[in-house]
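So the structure is just underneath, and the comments pick up after that.
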2 protein chains.
Amino acid sequence: MKKFKITVEYCPKCKWMLRAAWIAQELLITFEEEIDEISLKPSGISGIFRLYVDDKVAFDRKENGGFAEPKRYKQLIRDHVNPLKSLGHSEH
Amino acid sequence: MKKFKITVEYCPKCKWMLRAAWIAQELLITFEEEIDEISLKPSGISGIFRLYVDDKVAFDRKENGGFAEPKRYKQLIRDHVNPLKSLGHSEH
């Protein structure tokens, strides 16, 4: 089964490192079988917060008009890495 | 200034994901200028816990005879990414 690289690109000046690390841990727990590695990537772009699957943008804070709930991040990642995977009752 | 990729390869079956994420955050705080990205990489190798700078092993749990203190991880990374950098009084 192909495994994916997830990247969490974030604005460190906005103090979003802890949030990026938290989301990375949530995704590692939910997608342990599907993730090859998950990368935290501080960016010089002010206000940026993006999730990538390999090189595709799965979530963009500005496009989304702000952050999302964990459930939403997981649905977006799931649609890329394992579309048929159920996220279970805890994420409905 | 060249920026580096750090990889924290860990054994998820050993429940070391939280430890790997914690060390990644410590390194992101200390080496914000030197790090391009820091990657959490679950491994199928039982008992593995390694830090890489780009593709060089900077720390190996088995070779080290166990885990180390944060100070030690930071010294080892510093020696790769910015040998003249002082880690400050909090890490002495």
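Below, read A as the first sequence line, B as the second, and so on, with proteins coming before strands; counting in each chain starts at 1. Because only heavy atoms are used, hydrogens play no part in the values below, and waters and symmetry mates are left out as well, while side chains stay in. Quick caveat: nothing in here was measured; it's all calculated off a predicted structure.
Taking chain A as the reference chain and counting heavy-atom pairs below 4.5 Å, the highest number among B:Glu9, B:Glu32, B:Gln25 is found for B:Gln25. Between chain B and the residues A:Pro42, A:Ala21, A:Ala24, A:Ser43, the largest count of heavy-atom pairs under 4.5 Å involves A:Pro42.
If you chain together hydrophobic residues whose side chains sit under 4.5 Å apart, A:Leu76 and A:Trp16 fall into the same group. The cluster map of Ile, Leu, Val, Met, Phe, Trp and Tyr, joined by side-chain heavy atoms under 4.5 Å apart, puts A:Phe59 and A:Ile77 in the same cluster. No single ILVMFWY cluster, assembled from side-chain heavy atoms under 4.5 Å apart, contains both B:Ile48 and B:Ile38. Both A:Phe49 and A:Leu18 sit in one connected hydrophobic cluster of ILVMFWY residues. Membership requires side-chain heavy atoms under 4.5 Å apart, directly or through other members.
Atom NZ of A:Lys2 sits in a crowded spot, with more than 12 heavy atoms from other residues, nucleotides or ligands closer than 6.0 Å.
Contacts of A:Lys5 with chain B are made by side-chain atoms alone, with heavy-atom separations under 4.5 Å and no backbone atom involved. Contacts between A:Ile6 and chain B at a heavy-atom distance below 4.5 Å are absent for every atom of the residue.
Applying the side chain to side chain contact (heavy atoms under 4.5 Å, CB included) test between A:Leu40 and each of B:Leu27, B:Leu28, B:Ile35 identifies B:Leu28 as the sole match.
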